[in-house]
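Both backbone and side-chain heavy atoms feed into the values below; hydrogens, waters and symmetry mates do not. Since we're looking at a predicted model, the values are computed, not measured. By convention in this document, chain letters (A, B, ...) are assigned in the order of the sequence lines, proteins followed by strands, and residues within each chain are numbered from 1.
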Amino acid sequence: MRKIWTILLLHLKEFFKSPGVLVLMFVMPALFSWIFGGMTMNSDQNKPVVNVVLSDSPVSKEMFNLLKQDHHFDWKQQSRNQAEKNVSAQDAVAAVVLPDDIGQRITETKPLFDIIVQRKNEDYLALSTHLEGTAGLVLRSYQATSKLEADALPKVLDAITNNKGIMVEKQIIQKDSNNSVETNLMFVGFAIMFMMFGLSGAASTILEERIGGTWGRLMVSPASKLQVSLGYLLAYFFMGWIQFAVLMVTMNLLFETTWGSLVYFIPFASLVILSVVGFGLMIAGLVKTKQQASAVSAVLIVSTCMLGGVYWPIEVVPDLMQKIALAVPQSWAMAGFKEIISGSLHSATLMRDTLALFGFSALFFFIGLRGMKFE
Amino acid sequence: MNMLTVQDLRKIFGKFEAVKGVSFAVEKGESYGLLGPNGAGKSTTINMITGLFPPTSGEIHIKDIDVVKNQKQAQKWIGVVPQEIALYQSMSARENLKFWGRMYDLSGSALEKSVDQVLEIIGLSERAKDKVETFSGGMKRRVNIGAAILHKPELLIMDEPTVGIDPQSRNHILETVKRLNNEGMTIIYTSHYMEEVEYLCERIGIVDHGELIASGTLSELRETIGDHSKIILAMDKERFNPEQITESLTTFFSDKDFQIQDQQVMVFHKEPQLILTDFIQSVTKTGAKITSVDIVEPNLESVFLHLTGRNLRD
Ligand SMILES: Nc1ncnc2c1ncn2[C@@H]1O[C@H](COP(=O)(O)OP(=O)(O)OP(=O)(O)O)[C@@H](O)[C@H]1O
Ligand SMILES: [Mg+2]
């Protein structure tokens, strides 16, 4: 046990001493995720603008607050003139003019809100449902409070805003997390890709050790083959986990991402890391020099990551490509992570992904350990 | 008791037979040298003894343990100095020693003590914290040896531990090995430098083309060439007359005891001092002018030359 630990520590130390590895394992994925992540985050902030023209009535502020409950739009208060200009310049999807006197609108059987719109596009359709809903709410509240004191209506609307707020908020969290499942998956994908590079690089140092003689020296020491192999494998496994954990935590702090239930996430990530270790070992077992290893792994990693839906969601590629993707471990890893991060945790799917990854790991280790010459 | 017994050891790489049935034994406390030119099969033999790879056929016993079947047991007793420098270059000398010490079951204060001792022995206490990659070739060689003696092995197997280093480091290493041997450690030492083997080893095996062509103490090996020293007279070209010299020499020596080559005349004899004057006189009689006189003691070089017709190093 002590020997395994000694070998493990030595390699972790060596690994994290080399600046190239540090850049590859930490800086690059962080940079990639930051750039790509930043892009999607921005697009998230590009919400359609809706101008609101307030009136002098005390309820108008409350109605504005009520409207603002829909976070899919960027609600901006404007003067009527400016609002019209914005709409015609298409700087705003629409402008909503709030009424002075609700009672008057009702008696005149006019719609509660005046809407200024240039083109009735998708955004407008989404907006109009919300407007109708809000208008309905205001009208019903008006009727209910018409016999009460003058300031009853604003109070009721305020109460509704706060109540309804909970509902809308919920809906928005749901919506938001749907959006960031893709983003989070992308972070995980990049972490996997860079981990593959890092670990196959690390595993190929065995080749250098064989030439350098330290491998031979280990073989003629009383350390058994099992101890030596476990030492190396655990070292790679730890390297993978350290990288993965650092990235996940960083992303969490930077983008407030969530990884779903950790009870599922951690074991599944461990399995993914295990298969990446197997992958690195397999490459080291198949080639003769470190240079060959890095060339072969670069080609294999990039191509399988493309096929496996690491760079883009697998759903966007043609059916045939989706079929081919089944032969690539990353596709199973990504599918599993998607189940976990999105929180759907469909157990049959997770089971299937887990089994597939176990299969790939077993295959990789079989090939890798066979190639690991103990002479 | 024999520390090591090797019987009819063979190794075939593909179609190439690198070791062709080598047998020898090394006693406890002995220092045994394996001498042979490049590619003779020394490392291959050593690697089989240390259990790095199995022999194609043959038997190896360290004490009473069968190395082929039970290598991990035997490997506890032996220290191996590989021919190449097998160290982690980006780690310090101390870190390396500690790592290898742990691989040989040392730990805690015993490990610390042993590492300090070894650093002292290899004369690198001051540089212990420096990375191995910053060391000179000689210093790396010394760490390479240090890593093999941490656990005080009963049998130390060294494969050309002095290759490619300066004479000073080399002397230091040779003295260290000699001391270890005097303290009771059994040594197996391979080299293609005969001086090293002559200095260190009580018994020597000469290897060539995968075969052990001779084996014994230095004097036993000298006996194989009759233990004859060689007197070499070099002559001026001008009055050099090989026929006359031959005629003159035959009055004292038999044909096979002298040799004339270029402007040199050589005579072989067990006690060169006794015949030196006669030899010089019979040459000068012919009118030849002697420019230098050399007496060469029989050494392993001449043994090897005698056995193979080739020089040890080409
Ligand atoms: N793994 C191998 N595969 C094929 N041939 C090998 C292998 N190892 C050694 N040989 C061959 O076996 C022969 C003996 O090699 P070995 O390394 O034992 O020589 P050596 O006596 O140690 O030489 P040197 O003094 O140069 O170290 C050489 O001809 C070498 O080419
Ligand atoms: Mg050799």
Trainee: Can you tell me how far CD of Gln71(B) sits from NZ of Lys225(A), rounded to the nearest 0.5 angstrom?
Mentor: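 That separation rounds to 5.5 Å.
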Trainee: Check whether any side-chain N or O of Lys72(B) sits under 3.5 Å from a backbone N or O of Val220(A) as a donor-acceptor pair, and report yes or no.
Mentor: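 No: the side chain of Lys72(B) does not pair with the backbone of Val220(A).
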Trainee: Which residue pairs pass the ring-ring contact (aromatic ring centres under 6.0 Å, His included) test with at least one member in residues 122-166 of chain B, sequence neighbours excluded?
Mentor: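 Found Tyr104(B)-His151(B).
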Trainee: Assess whether atom CZ of Phe237(A) is packed by more than 12 heavy atoms of other residues, nucleotides or ligands within 6.0 Å.
Mentor: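 Buried by this count: over 12 neighbours within 6.0 Å.
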Trainee: What are the two closest non-hydrogen atoms of Gly212(A) and Glu84(B), and how far apart are they?
Mentor: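 Scanning both residues, the minimum pair turns out to be O-CG, 3.7 Å.
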Trainee: Report which part of Glu95(B) has an atom under 4.5 Å of a heavy atom belonging to chain A: side chain, backbone, both, or neither.
Mentor: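 Only the side chain of Glu95(B) comes within 4.5 Å of chain A.
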Trainee: Non-hydrogen atoms of chain A under 4.5 Å away: do they reach the side chain of Trp100(B), the backbone, both or neither?
Mentor: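 Only the side chain of Trp100(B) comes within 4.5 Å of chain A.
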Trainee: Please state whether the side chain, the backbone, both or neither of Asn144(B) comes within less than 4.5 Å of a heavy atom of chain A.
Mentor: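 For Asn144(B), backbone and side chain are both near chain A.
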Trainee: Nearest heavy-atom pair of Met103(B) and Ser221(A): which atoms, and what distance?
Mentor: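 The answer is CB-OG, 4.0 Å.
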Trainee: Output the residues of residues 114-128 of chain B for which the shortest heavy-atom distance to chain A is under 4.5 Å, in residue-number order; output 'none' if no such residue exists.
Mentor: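 Answer by number: none.
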Trainee: Please state whether the side chain, the backbone, both or neither of Ala147(B) comes within less than 4.5 Å of a heavy atom of chain A.
Mentor: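 Both parts, backbone and side chain.
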Trainee: Heavy-atom distances under 4.5 Å only: say whether Ile78(B) touches chain A with side chain, backbone, both or neither.
Mentor: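 Answer is neither: Ile78(B) stays 4.5 Å or more from chain A.
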Trainee: Looking at Arg217(A) and Ala86(B), would you say the former's side chain and the latter's main chain have a donor-acceptor pair under 3.5 Å?
Mentor: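 Flag set: sc Arg217(A) to bb Ala86(B) pair under 3.5 Å.
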Trainee: Return a table of donor-acceptor pairs under 3.5 angstrom between the side chains of residues 192-209 of chain A and protein atoms on other chains or two or more places apart.
Mentor:
unit_1	atom_1	unit_2	atom_2	d
Ser200(A)	OG	Met196(A)	O	2.7
Ser200(A)	OG	Phe197(A)	O	3.3
Ser204(A)	OG	Ser200(A)	O	3.4
Ser204(A)	OG	Gly201(A)	O	2.8
Thr205(A)	OG1	Ala202(A)	O	2.4
Glu209(A)	OE1	Thr214(A)	OG1	2.9
Glu209(A)	OE1	Tyr232(A)	OH	3.0
Glu209(A)	OE1	Tyr88(B)	OH	2.8
Glu209(A)	OE2	Tyr232(A)	OH	2.8

Trainee: Please state whether the side chain, the backbone, both or neither of Lys3(A) comes within less than 4.5 Å of a heavy atom of chain B.
Mentor: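 Contact with chain B involves both backbone and side-chain atoms of Lys3(A).
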Trainee: Could you pull out all residues at least two apart from Asp166(B) that satisfy side-chain hydrogen bond (donor to acceptor under 3.5 Å, both in side chains)?
Mentor: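 Ser169(B).
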Trainee: Which answer fits Asn47(B), side chain, backbone, both or neither, if we ask what part of it has an atom under 4.5 Å from a heavy atom of chain A?
Mentor: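 Neither part.
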Trainee: Kindly check if the number of other-residue, nucleotide or ligand heavy atoms within 6.0 Å of CZ (Phe358(A)) is above 12?
Mentor: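 No, because the 6.0 Å sphere around CZ of Phe358(A) holds 12 heavy atoms or fewer from other groups.
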Trainee: For residues Lys13(A) and Met91(B), determine if any side-chain heavy atom of one lies less than 4.5 Å from a side-chain heavy atom of the other.
Mentor: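 Answer yes - side chains close enough.
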Trainee: Which atoms of Leu9(A) are under 4.5 Å from chain B, going by heavy atoms: the side chain, the backbone, both sets, or neither?
Mentor: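 For Leu9(A), there is no contact with chain B at all, as no heavy atom is under 4.5 Å.
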Trainee: Carefully, step by step, assess Trp215(A) and Leu52(B) under the rule side-chain contact (heavy atoms from CB on, under 4.5 Å).
Mentor: CA-CA 10 Å; Trp215(A) 181 257; Leu52(B) 184 63; over 6 Å; no
Trainee: Atom CZ of Arg2(A) and atom OG of Ser107(B): how far apart are they, to the nearest 0.5 Å?
Mentor: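 These two atoms lie 4.0 Å from each other.
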